[in-house]
2 protein chains.
Amino acid sequence: MSHPTSSSQKQVAAALAAAPLFADLSPPLLTALATIAVRAHYGPQQVVFLAGASDEHLYVIAHGWLKSVKIAAGGREQTLALFGPGEVFNLAVLADVPTQATVIALEPTTLWGIPRARLHELMAIHPELAQALIRSLATRVIRLSDLVEDLALRSVEARLARLLLQRAVGGEILRQPWATQAEFATQLGTVPDVLNRALQTLVTAGIIVVERQCIRVIDQAGLELRAQIT
Amino acid sequence: MSHPTSSSQKQVAAALAAAPLFADLSPPLLTALATIAVRAHYGPQQVVFLAGASDEHLYVIAHGWLKSVKIAAGGREQTLALFGPGEVFNLAVLADVPTQATVIALEPTTLWGIPRARLHELMAIHPELAQALIRSLATRVIRLSDLVEDLALRSVEARLARLLLQRAVGGEILRQPWATQAEFATQLGTVPDVLNRALQTLVTAGIIVVERQCIRVIDQAGLELRAQIT
DNA sequence: GTACAAAACCGACAAAAGTCAATGACGGGC
DNA sequence: GCCCGTCATTGACTTTTGTCGGTTTTGTAC
C-alpha cells in the first residue's frame, strides 16, 4: 500500500508546510520530515487500518477525506472524526498503543506516513514539533469532549441542528458526494431513518430546505433554538 | 484559592515524581517544576473551574479525586473523566483555548498548578516534558474515544457491565463514599433511576451482589457476556 | 431513453431510555 | 436512641429512538 517516495523533497516539504499543523515549523525541520515521509494512496471505502491493529505511522493528509470510526458487532458505526487535507491522524501512535479506531478513506486520498521511531527522534531535536503535536492532540480532546456532550445530553434533532450550524457557510451546507444521510447518521450517533425524520421535521418547520447537493438554512434563529433544547 | 507554597522544594519535587506522568523526568526538571508549582486546596463539591473559564494552569493531583463534567441546561451531567492522585488535567490549556468542561472536587483535594507560560518555557528546554504530556494527551484521546463508543453503540446495561469489569479488583468493586448511584449514572451517561434498574437486572440474574460499600462480581463470564451485547 | 443500484423517504410498530411520584433504608448529628 | 436529609428503590407512564418492510426518487452506466 505504501512505498518510499523519491519525488523531490522540496516539493514534499512545501506540501507538508501547507498542513496547518506544520505551517509554523522551521525549514530544516520540514526538510527532515520530508525526507522520512512515506507516501501512500487509498481509494474510496478503502481501510487505512483497523481498530486494534498496530500501525506505526503518524499520517498527514495530502489530499482527500477520511473518517475515523468505531464499529459495533451489529455493524452499526459511530464516526469519531472526519479528517481533511492538512490534518493529522493516528496520534494514538504517540502513546505506544494499538490503534483504537478504524480509519477509512471516503474518497481518493493521498497520505504521508511518518514512522513513529523517526518522529520521536525528530521531536527530541526540535521541540517545536512536539509543540505542534501537543496542540493537535489538545484540539482532538476538545472535539471528542464535545461529541460526548452531544451524545449524552442532546436529542438527535438538537445534534443535527448543531451540525448544520457548524458546517454552514453563508447559510448553506454543500454536500460532498460521499456525504450521504447514512454518513451523517454515523456522525450524529444515530441511524439513517431517524436522521431523515429529524431532517423532515426541520424542513416542515420551514427552517431548512434540502436540495440536491446542498442544504440551505432559511431560519437561522429557529435552527439555533433547536440546537439548544434537550 | 491558590497561593505560592514555600515548603521545601525537595519535598514537592519528590511528590511530583510520584505522579506517573512525571516519574521518568530527570531530577533537574523535577526541581524546576517544583519551583514554579503552586499549591491549591479544594473541598468536596467545590468547583476548580467552570466550562468556558480560562484557567491558565496545568494541574497535577497531589491527593484526592476530581471529576470533569459537562452540564446540560436542565442540570443533567455527563462526566468525561475521573482524576485521581498523580493524574494531570486541564490539558486544554496547552491548546490555548478556554476550558471546555467543569472540574469539581469529589473529596478534599490538593493540587499543584503549573502556569501555562512557565510550562511552555520548560518544554522548550526539556523535550522529555513534552513527551510526557503527549503521552498523557494521547491516553486521554483514547479514553474519550471509548466513551463515545459506549454512548453511541451500547445499551445502558452493557455500559454498566463494562464499568464493573473495568473497576473490579479481585471480583470486587469498592465504593468510595462519594461514589453514589447518581455519580455512576453521570459516568454512564444516564439517570439514577435507569442505572438502578440495570443494577437490579444484574442482581436478579445472579451476576452481582450489591453490599454496603462494595459490589461483588459472582458470575464473571455472565458479566462479560452482558458487556458485549448491543 | 432504459435499466439498475443506491439512496432517500415513509408509516407502523417495538424497544430502550427517561420522567414522575412515592416509599423505604441508611447514616450522621444531637 | 431519635430525627432528618440523602440515597436507593419501585411501579406506572411518556418520550425518544430504533427497527422493519416497503415505495419512491435519484444518479449512472449502457
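In this text the structure is predicted, and so the values were computed from the model without any measurement. Order of the sequence lines sets the chain letters (A, B, ...), proteins ahead of strands, with each chain counted from 1.
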request  = Could you check whether B/V156 gets within reach of a base, just the sugar-phosphate, or nothing at all, counting any heavy atom under 4.0 Å?
outcome  = sugar-phosphate

query = Roughly how many Å is it from CD in A/Q78 to P in D/dT17, rounded to a whole number?
reply = 14 Å

message = For a quick test of reading the model: is some side-chain N or O of B/R159 closer than 4.0 Å to OP1 or OP2 of C/dA16?
response = no

ask   = Would you find more than 12 non-hydrogen atoms of other residues, nucleotides or ligands less than 6.0 Å from A/R143 atom CZ?
value = no

query = Rounded to whole angstrom units, what separation is found between the CZ atom of B/F184 and the C1' atom of D/dT9?
reply = 17 Å

remark   = Out of C/dG18, C/dC10, D/dT17, minimum distance to the side chain of B/V194 belongs to C/dG18

ask   = Ignoring hydrogens and angles, does a donor from either the side chain of B/R212 or the base of C/dG27 sit under 3.5 Å from an acceptor on the other?
value = no

remark   = Sorted by position of nearest nucleotide on DNA chain C, 5' first, the leading residue of A/A152 and A/V210 is A/V210

key: A/R76 CZ to D/dT17 P, straight-line distance once rounded to whole Å   = 11 Å

inquiry  = If you compare all heavy atoms of B/A227 against all heavy atoms of B/L165, which two are closest, and at what distance to 0.1 Å?
reply    = CB-CD1, 3.9 Å

query = Just how far, in rounded Å, is P of D/dT28 from CH2 of A/W178?
reply = 17 Å

query = Does atom CD of A/E224 have more than 12 heavy-atom neighbours from other groups under 6.0 Å away?
reply = yes

Distance in angstrom units between B/L202 CG and D/dT9 P, rounded = 13 Å

query = Could one point to a donor on the side chain of A/D193 or the base of C/dC10 with an acceptor on the other under 3.5 Å away?
reply = yes

ask   = Starting at the 5' end of DNA chain D, which residue's closest nucleotide do you reach first, A/G189 or B/L199?
value = B/L199

query = So, is B/T180 close to the D/dT6 phosphate, meaning a side-chain N or O under 4.0 Å from OP1 or OP2?
reply = no

inquiry  = If you compare every side-chain N and O of A/R175 against the phosphate oxygens of C/dA8 (OP1, OP2), does one of them come in below 4.0 Å?
reply    = yes

task = Over all heavy atoms of both residues, which pair between B/N90 and B/D55 is shortest? Give the atoms and the distance, please.
result = ND2-O, 3.4 Å

task = To the nearest Å, give me how far apart CD (A/Q176) and P (C/dA7) are.
result = 16 Å

Spacing of B/R197 atom CZ relative to C/dA17 atom P, expressed in whole Å = 10 Å

key: Charged N-O contact under 4.0 Å between A/R216 and A/E211   = yes

remark   = To the nearest angstrom, the CG-P distance between B/N196 and C/dT19 comes to 15 Å

